[in-house]
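As structure tokens, the structure follows; a few thoughts come after it.
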2 protein chains.
Amino acid sequence: MEKQKFREFLTTKGLKLTKERDEILHEILIMKKHFDPEDLFVRLKTKGSKVSRASVYRTIPLLVEVGLIEEVERVDRHAHYEKISEDRHHDHMICMKCGKVIEFYSPTLEMLQKEICQKENFKGVRHSLEILGYCEKCGG
Amino acid sequence: MEKQKFREFLTTKGLKLTKERDEILHEILIMKKHFDPEDLFVRLKTKGSKVSRASVYRTIPLLVEVGLIEEVERVDRHAHYEKISEDRHHDHMICMKCGKVIEFYSPTLEMLQKEICQKENFKGVRHSLEILGYCEKCGG
DNA sequence: CTCCATATTGCAATTTAATCTCAGTTACAG
DNA sequence: CTGTAACTGAGATTAAATTGCAATATGGAG
């Protein structure tokens, strides 16, 4: 389970599992969608947590390093993150008009990554495909 | 040619082709690789241009809008742009160790975009695939 | 369980990419 | 040419993200 994974990671690195780190991860885990650091901070505050903005910003890179979350996009001037779902990776389609984000998964794409990397002698770890365009509603 | 395209765009929008805008586009056109706004600014300054940082930042969105350049990645906390090559779109492989960027083109990927979009009723305009991993030198 | 070196925290100050303000300047349609 | 709306540079400003530091908490050693 995610919390266990995080705990192990911290121990291995000689870091400590604090109440703050636990609260932050917990909040991310129960969240459904994208979030940005400020989001997360406000959410925690609202719930009565005493976690500081600094701790949120300091914990996020750790969670990225363990592979529990990933940066999915940059809107305006701030980063957005998302919990990495346990089952499978997915990519995004982003509507250039309304900003709607559609998630999709393509097995072909997963295979394609391997193929492309082989050709360039590159050891691919992960990828992110972003398709920009117009959603159904915004026509185009 | 690019400068002509930019000129037409400006005219259509009721904007003006200034010495600064011309210098900025010119510098981008003669550059080979990625650049970030600060890069561009310093480069112009070095060459004796009087262009201000503000003008660089103000011109970039225009060039993105005409389709002459595109944002290709975010390193740390600043955006990187790249001239859109006339011939064909390409994507990037980025080494997580040394930061090396390998460009590649995959016709399969181009077709795949159409397919995926059709399934979701999304009108895809462009995409960007980023594969993160380790280059030949950095092994993995 | 207690001790304590070391990691961590909150707060506020700081950094830094990017944006904005505004008075003076310039492009360009007519 | 001329008028006017767009543009510019310089520096102030914004806001996301980071950092310094004194106080505090964690968790392994004993």
Side-chain angles (χ1 to χ4, degrees), chain A residues 3-4 6-28 34-66 69-81, chain B residues 3-4 6-27 34-66 69 71-81:
Chain A
K3 289 201 179 183
Q4 185 50 32
F6 189 37
R7 177 189 295 279
E8 277 167 21
F9 167 80
L10 292 173
T11 306
T12 307
K13 285 241 173 181
L15 305 178
K16 295 168 182 175
L17 177 60
T18 60
K19 181 165 54 61
E20 289 79 3
R21 287 181 177 159
D22 186 63
E23 282 179 7
I24 291 167
L25 174 54
H26 182 80
E27 190 59 33
I28 289 173
H34 297 164
F35 67 90
D36 59 55
E38 186 63 21
D39 258 5
L40 190 55
F41 172 66
V42 172
R43 215 176 260 262
L44 285 163
K45 274 290 175 207
T46 306
K47 294 197 174 179
S49 170
K50 299 239 178 332
V51 176
S52 72
R53 207 182 309 268
S55 288
V56 171
Y57 276 105
R58 286 189 280 232
T59 301
I60 286 176
L62 295 176
L63 294 172
V64 170
E65 199 179 343
V66 215
I69 64 173
E70 65 180 331
E71 190 184 315
V72 286
E73 55 168 333
R74 294 264 184 168
V75 172
D76 222 4
R77 270 163 65 195
H78 57 277
H80 278 216
Y81 298 86
Chain B
K3 289 202 181 184
Q4 184 51 32
F6 190 38
R7 177 188 295 280
E8 276 167 21
F9 167 81
L10 290 173
T11 307
T12 306
K13 286 241 171 181
L15 305 178
K16 295 169 182 173
L17 177 61
T18 60
K19 179 165 55 63
E20 289 80 3
R21 287 180 176 161
D22 186 62
E23 284 179 7
I24 292 168
L25 175 54
H26 183 80
E27 191 58 33
H34 298 162
F35 66 91
D36 60 53
E38 186 63 20
D39 257 4
L40 190 53
F41 172 66
V42 172
R43 216 177 259 262
L44 285 162
K45 274 292 175 206
T46 306
K47 294 196 174 179
S49 169
K50 299 239 178 330
V51 175
S52 71
R53 208 182 308 269
S55 288
V56 170
Y57 276 105
R58 285 188 281 232
T59 301
I60 286 176
L62 295 176
L63 294 173
V64 170
E65 198 179 343
V66 215
I69 64 175
E71 189 183 315
V72 285
E73 54 168 333
R74 293 265 184 168
V75 172
D76 224 3
R77 269 164 63 196
H78 57 278
H80 278 217
Y81 298 86

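Heavy atoms only: backbone and side chains are in, while hydrogens, waters and symmetry mates are out. Predicted, not measured: the structure shown is a model, and the values here were computed from it. By convention in this document, chain letters (A, B, ...) are assigned in the order of the sequence lines, proteins followed by strands, and residues within each chain are numbered from 1.
The CG atom of B:Leu17 sits 8.5 Å away from atom NZ of B:Lys3, with the distance rounded to the nearest 0.5 Å.
C:dC20 atom P lies 15 Å from atom CD1 of B:Ile60, rounded to whole Å. Here D:dG28 presents its P atom at 12 Å from CG of A:Leu15, a figure rounded to the nearest Å. In this structure, B:Glu38 places its CD atom 11 Å from P of C:dT16, rounding to the nearest Å. The CG atom of A:Leu40 sits 14 Å away from the P atom of D:dA16 (whole-angstrom rounding). Taking atom CG of B:Leu10 as the reference point, atom P of D:dA5 lies 19 Å away to the nearest angstrom. Summarising the geometry, the separation between CD on A:Glu23 and P on D:dA25 is reported as 13 Å, rounded to the nearest angstrom. In this entry the distance linking NE2 of B:His78 with P of D:dT18 reads 13 Å, nearest Å. The distance between atom CG of A:Leu17 and atom P of D:dG27, rounded to the nearest whole Å, is 6 Å.
When distances run from any side-chain atom of A:Lys16 to the nucleotides D:dA6, D:dA17, C:dT8, the shortest one goes to C:dT8. The nucleotide whose nearest atom lies closest to any side-chain atom of A:Glu20 is, among D:dA17, C:dT9, D:dC7, C:dT9.
Each of A:Lys19 and B:Arg21 lies near DNA chain D, and the nucleotide nearest B:Arg21 is the one positioned closer to the 5' end. Along DNA chain D, the nucleotide nearest B:Gly14 and the nucleotide nearest B:Arg58 are compared for position; the residue whose nucleotide lies closer to the 5' end is B:Gly14.
DNA chain D lies under 4.0 Å from at least one heavy atom of each of the following residues of residues 41-55 of chain A: A:Ala54.
Heavy-atom minimum distance, B:Pro37 versus B:Ile60: CG-CD1, 3.7 Å. For the pair A:Ile69 and A:Phe35, the tightest heavy-atom approach, listed with the atom from each and the gap, is CD1-CZ, 4.2 Å.
Phosphate contact (OP1/OP2 of D:dT8, side-chain N/O of B:Thr18, threshold under 4.0 Å): present. The shortest distance between the side-chain N/O atoms of A:Tyr57 and the OP1/OP2 oxygens of D:dT18 is not below 4.0 Å.
Using cut-offs of 30° and 60° on the angle between ring planes, the pair A:His78 and A:His80 is tilted.
A:Arg21 contributes a side-chain N or O that, together with a main-chain N or O of A:Lys16, makes up a donor-acceptor pair within less than 3.5 Å.
Not counting sequence neighbours, the partners of A:Glu38 by the salt bridge (Lys or Arg N to Asp or Glu O under 4.0 Å) test are A:Arg53.
The side chain to side chain donor-acceptor pair (under 3.5 Å) with B:Lys47 is formed by just one residue from the set B:His26, B:Glu27, B:Glu23; it is B:Glu27.
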